[in-house]
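Working notes for the structure below.
Worth knowing before you read on, the calculation uses all heavy atoms, side chains too, and leaves out hydrogens, waters and symmetry mates. Computed from a prediction, not measured in an experiment: that's the story for all the values here.
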Amino acid sequence: MTEKKTTNIILFSGDYDKAMAAYIIANGAAAYDHEVTIFHTFWGLNALRKDGDYNVKKGFIEKMFAKMMPKGADKMGLSKMNFAGFGPKMIKEVIKKHNAMTLPQLIEMAQVQDVKLVACTMTMDHLGLKQEELLDGIELAGVAAYLADAENGNVNLFI
Amino acid sequence: MTEKKTTNIILFSGDYDKAMAAYIIANGAAAYDHEVTIFHTFWGLNALRKDGDYNVKKGFIEKMFAKMMPKGADKMGLSKMNFAGFGPKMIKEVIKKHNAMTLPQLIEMAQVQDVKLVACTMTMDHLGLKQEELLDGIELAGVAAYLADAENGNVNLFI
Amino acid sequence: MTEKKTTNIILFSGDYDKAMAAYIIANGAAAYDHEVTIFHTFWGLNALRKDGDYNVKKGFIEKMFAKMMPKGADKMGLSKMNFAGFGPKMIKEVIKKHNAMTLPQLIEMAQVQDVKLVACTMTMDHLGLKQEELLDGIELAGVAAYLADAENGNVNLFI
């Protein structure tokens, strides 16, 4: 019996295009029969936020962060040529035209393919995010768990 | 017989400085006798564009992208301190002063050293880029090809 | 006797938040008994600058760079939501509230844990930085030294 290869991606970025790249690689690796983990930290956590308001108690700064950060994958901006939101519209137009997958669809596909989606506990704590504000099926873990996966990983990327 | 070590770089960024870093590592690794691949995806593809106009049929959005994205390595901006194009001038001045290599020269050197330069087919397709708009000697491939290289790679980086 | 696992991080970015991520991973890996190296190149070198003025002879462009680039970890901006310096204040407020470590403290902890902090000689040379402008205990090395570490590395990241 040979062990499965593994792909471990740290998604630090909160950009729509970078998150797309992370999820395209993750879905590709899962189709390629890798065990795949995406560890969402810092701004990357925004990809996992659900839309809507949650009755979660937050302090002043936590409220500011909650307000200023995009609520979920569909609201994220681009790393380049964002043009106050016009860039993402163009990208989404292109995706539609080519019958390709949007970021929310890529995330859903990753969940169907059993890609392990992890939210960084330290970031959750610092930004005052609660599990009920995230998509269903997200695991919570810290840097030690990431390292335990990555130290035996085949493809380790920081995005 | 021992197998060659391999370095696999995903160049996602369209920034002059990040592309320089990618190509400096790639050229170093090639000199170090690694098999080296740079997989250019998203904005990283701009580093491989040729200057000039090509008689390629494009739709409206594809024309917009073609117009707004830098045509080739020499036209790319910086990730930091771009200052509307003044930053790149400073960097190029520094490079000249130190007799170091510009990005186009680093790309040429990589080709001489047999670094495999790959353009992501999905990005080509989405942005409406055709092979004749790219430098000579570029391979086209998708994420599966990248993973096949990277899963046995020694140094895997996302830039 | 088993060999130690190794983590090799290239810190290219000059952003406070990205440098924090690099140092959190590095400190985690060191606690996890990895041999850890952070190779600071391009803007990442700013994290190692000391505050204050040094009597170092610089040319015109070198002076411009020295002036425009942040002098040390505490002066760096954010990759997202920098808001002309307001973002970093919010982050530092959050760090304080949670009794977490600031970037300068994370760097100090890394040094205590024997994380090898390397400054890229080429960048030093190009930007006209001298060793006396950096924190104590920084090694100088080039891309070949990085590759010698990374080609046998377990966790290789470009940040």
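Using a 4.5 Å cut-off between heavy atoms, B/Ile159 does not touch chain A at all. Both the backbone and the side chain of A/Lys18 come within contact range of chain B, with heavy atoms under 4.5 Å apart. Only the side chain of B/Tyr146 has a heavy atom closer than 4.5 Å to any heavy atom of chain A. Proximity to chain B is limited to the side chain of A/Ser79, based on heavy atoms less than 4.5 angstrom apart. Residue contact with chain B, scored on non-hydrogen atoms closer than 4.5 Å, involves the backbone and the side chain of A/Asp17 alike. Contacts of A/Phe158 with chain B are made by backbone atoms alone, with heavy-atom separations under 4.5 Å and no side-chain atom involved.
Between the side chains of A/Lys5 and B/Asn152, a donor-acceptor pair is found at a separation under 3.5 Å. With no hydrogens or angles considered, no side-chain donor-acceptor pair links A/Trp43 and A/Asp15 at under 3.5 Å.
Heavy-atom minimum distance, B/Lys58 versus B/Gly128: NZ-O, 2.8 Å. The shortest non-hydrogen separation linking A/Lys50 to A/Leu134 is CE-O, 3.1 Å.
Among A/Ile9, A/Thr6, A/Ile25, the residue with the largest count of heavy-atom pairs under 4.5 Å with chain B is A/Ile25. Of the listed residues (A/Ile95, A/Thr7, A/Val94), the one with the most heavy-atom contacts under 4.5 Å to chain B is A/Val94. Across B/Met122, B/Met69, B/Glu62, the residue that shares the most heavy-atom pairs under 4.5 angstrom with chain A is B/Glu62. If you tally non-hydrogen atom pairs under 4.5 Å between each of B/Thr41, B/Val143, B/Ile61, B/Asp125 and chain A, the highest count goes to B/Asp125.
Within 6.0 Å of the CD atom in A/Gln105, the count of heavy atoms belonging to other residues, nucleotides or ligands exceeds 12. The local environment of NZ in B/Lys89 is sparse, with at most 12 non-hydrogen atoms from other residues, nucleotides or ligands closer than 6.0 Å.
For A/Lys92 and A/Tyr16, the positive end sits near the middle of the six-membered ring, less than 6.0 Å away and at most 45° from its axis.
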